[in-house]
Amino acid sequence: MVGPHDYSGRLPYWVHRMKQGGDVIAPGDRKRQVQIIDVRDLASWVVNRVEERVTGIYNVTGPSYKLTMEELLNTCKDVCNPNTKLIWIEEEFLLNNQIKPWDELPLWLPEALNGAASVNNEKALNEGLSFLPLRQTIEDVNSWLDYKGNSNTSDFATVLSKEKESKIIDAWKQLSR
């Protein structure tokens, strides 16, 4: 779940990091699927199901299409700071350098764990689950961060420090020469 007031740092980390600009680690396979749902979409769907007295077991995640890490990060970049440069780094390199998937780089899971980001949500879609546009969710998170005056990610769960990110990017660039 993502959206404004999300102190987990999942999407807010990426929004905040893109706003800072410069080189940003883009983890793993750019075509890797990512699943997120704006908490407002989830809440609306649940309330509607209760009002209609619909029960059952559903996988309630989004979106309704295959969202890739590349699309997610590029949309964050476009909304927050188009001058940010994404540095795509292979997952093996990140893992070998003790980067913690999901914790330090939210929403990133290595290939071995990626099934967690490809859950079939067709049943919920058939029951009316719908989604705000990704761009709107990112814009709303961005506005919330501005409103709250967040100048760092200290309010969030453990995330990659700027210092560690710079060291990893520098090491990757040296290896890629």
Side-chain angles (χ1 to χ4, degrees), residues 1-4 6-39 41-42 59-82 84-121 131 133-135 137-142 144-145 150 152-176:
M1 289 185 290
V2 299
D6 175 7
Y7 286 91
S8 74
R10 288 180 204 101
L11 186 57
Y13 167 79
W14 292 110
V15 170
H16 176 76
R17 187 59 196 88
M18 296 300 169
K19 286 172 74 158
Q20 291 177 320
D23 289 349
V24 173
I25 290 177
D29 179 357
R30 63 182 69 218
K31 299 301 180 194
R32 181 85 34 87
Q33 185 171 354
V34 177
Q35 287 186 305
I36 59 173
I37 185 168
D38 191 309
V39 69
D41 296 328
L42 175 60
N59 293 320
V60 186
T61 188
S64 59
Y65 62 95
K66 183 180 178 184
L67 174 64
T68 63
M69 182 63 87
E70 180 177 39
E71 180 183 356
L72 176 69
L73 296 185
N74 279 332
T75 305
C76 287
K77 176 182 152 180
D78 292 346
V79 167
C80 301
N81 185 349
T84 299
K85 183 176 181 188
L86 296 175
I87 308 296
W88 288 95
I89 300 180
E90 294 174 6
E91 73 179 39
E92 183 178 349
F93 184 85
L94 294 172
L95 294 170
N96 288 340
N97 282 277
Q98 286 70 54
I99 300 297
K100 297 176 196 140
W102 197 267
D103 290 338
E104 289 182 299
L105 291 175
L107 304 175
W108 168 59
L109 292 172
E111 182 63 34
L113 301 173
N114 197 47
S118 57
V119 175
N120 184 331
N121 62 359
F131 307 96
L134 176 63
R135 185 176 189 88
T137 296
I138 292 168
E139 287 171 347
D140 292 349
V141 168
N142 189 30
W144 169 67
L145 288 173
N150 189 358
N152 62 53
T153 57
S154 62
D155 290 340
F156 306 145
T158 305
V159 292
L160 187 63
S161 71
K162 197 84 156 55
E163 297 76 25
K164 188 172 180 181
E165 181 184 38
S166 293
K167 288 178 185 176
I168 297 297
I169 289 173
D170 289 345
W172 177 254
K173 286 180 177 179
Q174 289 296 321
L175 183 69
S176 300

Non-neighbouring partners of Lys162 that pass salt bridge (charged side-chain N to carboxylate O under 4.0 Å, His left out), sequence neighbours left out: none
Excluding sequence neighbours, so at least two apart, what forms salt bridge (charged side-chain N to carboxylate O under 4.0 Å, His left out) with Asp140? Arg40
List the steps, then state whether side chain to side chain contact (heavy atoms under 4.5 Å, CB included) holds for Ile25 with Trp172. CA-CA 10 Å; Ile25 290 177; Trp172 177 254; over 6 Å; no
Apply side chain to side chain donor-acceptor pair (under 3.5 Å) to Gln33 and list each qualifying residue two or more places apart in sequence or on a separate chain. none
Between the CD1 atom in Ile169 and the CD1 atom in Ile89, the distance rounded to the nearest 0.5 Å is 5.5 Å
Do Tyr13 and Leu107 touch side chain to side chain, with heavy atoms closer than 4.5 Å? no
Give me the atom names and distance for the closest heavy-atom approach of Leu145 to Pro12. CD1-O, 3.8 Å
Side chain to side chain, Pro110 and Leu95, heavy atoms closer than 4.5 Å: yes
Inter- and intrachain pairs under side-chain hydrogen bond (donor to acceptor under 3.5 Å, both in side chains), touching residues 87-97, at least two apart: Arg32-Glu91
Non-hydrogen atoms of Pro106 and Val159 that approach each other most closely: CG-CG1, 4.1 Å
Taking all atoms of both residues into account, what is the closest heavy-atom pair of Gly3 and Asp6, and its distance? O-CB, 3.1 Å
Taking the side chain as every heavy atom from C-beta outward, state whether Ile168 and Phe93 have any pair of such atoms under 4.5 Å apart. yes
In short, Val24 meets Trp14 closest at the heavy-atom pair CG1-CZ3, 4.1 Å
By side chain to side chain contact (heavy atoms under 4.5 Å, CB included), Asp41 pairs with (sequence neighbours left out) Ile37, Asp38, Phe131, Leu132
Side chain to side chain, Val141 and Val2, heavy atoms closer than 4.5 Å: no
I need the Leu94 CG to Lys100 NZ distance, nearest 0.5 Å. 13.5 Å
Going by atom type alone, with no hydrogens or angles, which donor-acceptor pairs under 3.5 Å involve a side-chain atom of residues 72-80 and a protein atom two or more places apart or on another chain?
residue : atom : partner : partner atom : Å
Asn74   : ND2  : Glu70   : O            : 3.3
Thr75   : OG1  : Glu71   : O            : 2.7
Lys77   : NZ   : Thr84   : O            : 3.3

Sequence-distant partners of Lys173, salt bridge (charged side-chain N to carboxylate O under 4.0 Å, His left out), two or more places apart: Asp23
Can you name the residues that form a side chain to side chain contact (heavy atoms under 4.5 Å, CB included) with Val119, not counting sequence neighbours? Gln35, Asn59, Thr61
Student check: side-chain heavy atoms of Ile99 and Glu165 closer than 4.5 Å: no
